[in-house]
Amino acid sequence: MNEKQIRKNMAILPVSSISKLTGLSPRQLRYYEQFDLVHPKRSKGNQRLYSLNDIDCLLDIKDYLSSGMTMAEVKRVMLKQSPIADQETAEVSDTAARKIFSKEMLQIGRWNIHDSNNLY
DNA sequence: ATTCTCACA
DNA sequence: TGTGAGAA
C-alpha cells in the first residue's frame with residue numbers, strides 16, 4: 001500500500017477526539033468495539049488508538065444505526081467491504097465505500113431508506 | 001488530566 | 001446506554 005493508506009491506518013487518536021469527530025460517546029465507541037465494528041490499536045497504557053480509517057467506519061456505522069440497523073446488521077455490512085486491518089486497503093475508504101455501502105443495503109433489502117431519523 | 005474496565009440504583 | 005468507582 002502507499003503512504004496514503006498507511007497514514008489512514010496510522011493515525012493514533014484518543015477516544016476523546018473520536019468522540020468529538022463522530023459525535024458518538026466514548027461509551028458507544030467502546031461498545032461498538034465489542035462487536036468488532038472498529039479495531040482500534042492499543043497503546044502501552046491500554047489506551048485505544050483510532051485511525052482515520054476507523055473514523056470513516058464509525059461515521060458510516062453511525063449512519064446505519066440512525067437508519068434503524070442493529071449492531072449485528074451493521075457488522076455484517078462492514079465485514080463484507082471492510083478490508084481494513086493492515087493488508088491491501090484499497091483506496092476505497094471514502095467515496096467508493098459509500099457507494100458500496102448503499103448498494104449492500106439495497107441488496108440485503110430490508111432496511112428501507114426513507115428518512116434518516118436524526119435523534120440527537 | 002485522561003482513559004480503562006467492570007458493574008449497577 | 002449512561003454513570004460512577006478504582007486503578008493505571
Side-chain angles (χ1 to χ4, degrees):
Chain A
M1 55 172 91
N2 54 52
E3 320 299 306
K4 196 183 288 183
Q5 278 104 36
I6 293 179
R7 307 195 194 197
K8 281 191 177 185
N9 298 323
M10 242 187 24
I12 46 189
L13 307 134
V15 62
S16 64
S17 300
I18 305 301
S19 181
K20 293 176 185 174
L21 288 162
T22 64
L24 296 166
S25 69
R27 178 75 174 81
Q28 290 175 294
L29 296 175
R30 293 166 189 140
Y31 189 57
Y32 296 165
E33 187 179 349
Q34 297 187 343
F35 288 81
D36 295 313
L37 266 51
V38 285
H39 326 132
K41 293 180 177 57
R42 294 303 187 111
S43 66
K44 290 184 178 180
N46 200 39
Q47 303 281 100
R48 271 165 248 269
L49 303 176
Y50 293 84
S51 67
L52 296 179
N53 213 313
D54 290 325
I55 295 179
D56 206 82
C57 292
L58 264 341
L59 290 175
D60 285 325
I61 292 171
K62 181 175 179 291
D63 249 52
Y64 295 162
L65 293 175
S66 295
S67 299
M69 278 199 262
T70 63
M71 306 291 218
E73 297 168 338
V74 176
K75 181 178 180 180
R76 293 194 54 173
V77 180
M78 295 300 281
L79 293 176
K80 282 198 173 296
Q81 55 67 224
S82 180
I84 40 183
D86 37 63
Q87 299 174 46
E88 39 89 2
T89 304
E91 64 169 279
V92 282
S93 303
D94 27 80
T95 57
R98 279 190 154 292
K99 299 186 64 177
I100 297 176
F101 276 68
S102 299
K103 186 179 178 182
E104 282 287 15
M105 290 177 72
L106 293 174
Q107 289 190 326
I108 300 177
R110 99 152 266 211
W111 358 91
N112 24 332
I113 319 167
H114 41 284
D115 60 317
S116 305
N117 308 313
N118 302 312
L119 49 168
Y120 39 91

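Labels below follow one simple rule: chain letters A, B, ... track the order of the sequence lines, proteins then strands, and each chain is numbered from 1.
- Side chain of K41(A) to main chain of M10(A): no donor-acceptor pair is present (N/O by atom type, distance under 3.5 Å, no hydrogens or angles).
- Side-chain contact check for Y32(A) versus L65(A): some heavy-atom pair is nearer than 4.5 Å.
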*Convert the base pairs of DNA chain C into dot-bracket notation, remembering that pairs crossing earlier ones are written with [ ] and that bases paired across to another strand are shown as |; include only Watson-Crick or G-U pairs under 3.5 Å.*
.|||||||
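- To the nearest 0.5 Å, atom CG of residue L24(A) and atom CD1 of residue I18(A) are 10.0 Å apart.
- Looking at every heavy atom in both residues, R30(A) comes nearest to Y50(A) through N-OH, 4.5 Å.
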_Derivation of the side chain to side chain donor-acceptor pair (under 3.5 Å) call for S51(A) and D54(A)_ = CA-CA 5 Å; S51(A) 67; D54(A) 290 325; 3.1 Å; yes
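- Separating the OH atom of Y50(A) from the C1' atom of dC4(B) is a distance of 11 Å, rounded to the nearest angstrom.
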*Go through D56(A) and D60(A) one step at a time and tell me if the side chain to side chain contact (heavy atoms under 4.5 Å, CB included) criterion holds.*
CA-CA 6 Å; D56(A) 206 82; D60(A) 285 325; 3.7 Å; yes
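- Mapping heavy-atom proximity under 4.0 Å, the span of DNA chain C touched by chain A runs 5' to 3' from dT1(C) to dT3(C).
- The two residues S19(A) and S25(A) come nearest to each other via the heavy atoms OG-CA, 4.0 Å.
- Between M78(A) and L37(A) the shortest heavy-atom distance is CE-O, 4.3 Å.
- I12(A) CD1 to Q47(A) CD: the interatomic distance, rounded to the nearest 0.5 Å, is 11.5 Å.
- Across the protein-nucleic acid pair, N46(A) atom CG and dT2(B) atom C1' stand 13 Å apart, rounded to whole Å.
- Comparing M71(A) and Q47(A) by the nucleotide of DNA chain C whose heavy atom lies nearest to each, the residue mapping closer to the 5' end is M71(A).
- Listed by residue number, the members of residues 13-30 of chain A with any heavy atom below 4.0 angstrom from DNA chain B are P14(A), V15(A), S16(A), R30(A).
- The shortest side-chain heavy-atom distance between L52(A) and L13(A) falls under the 4.5 Å cut-off.
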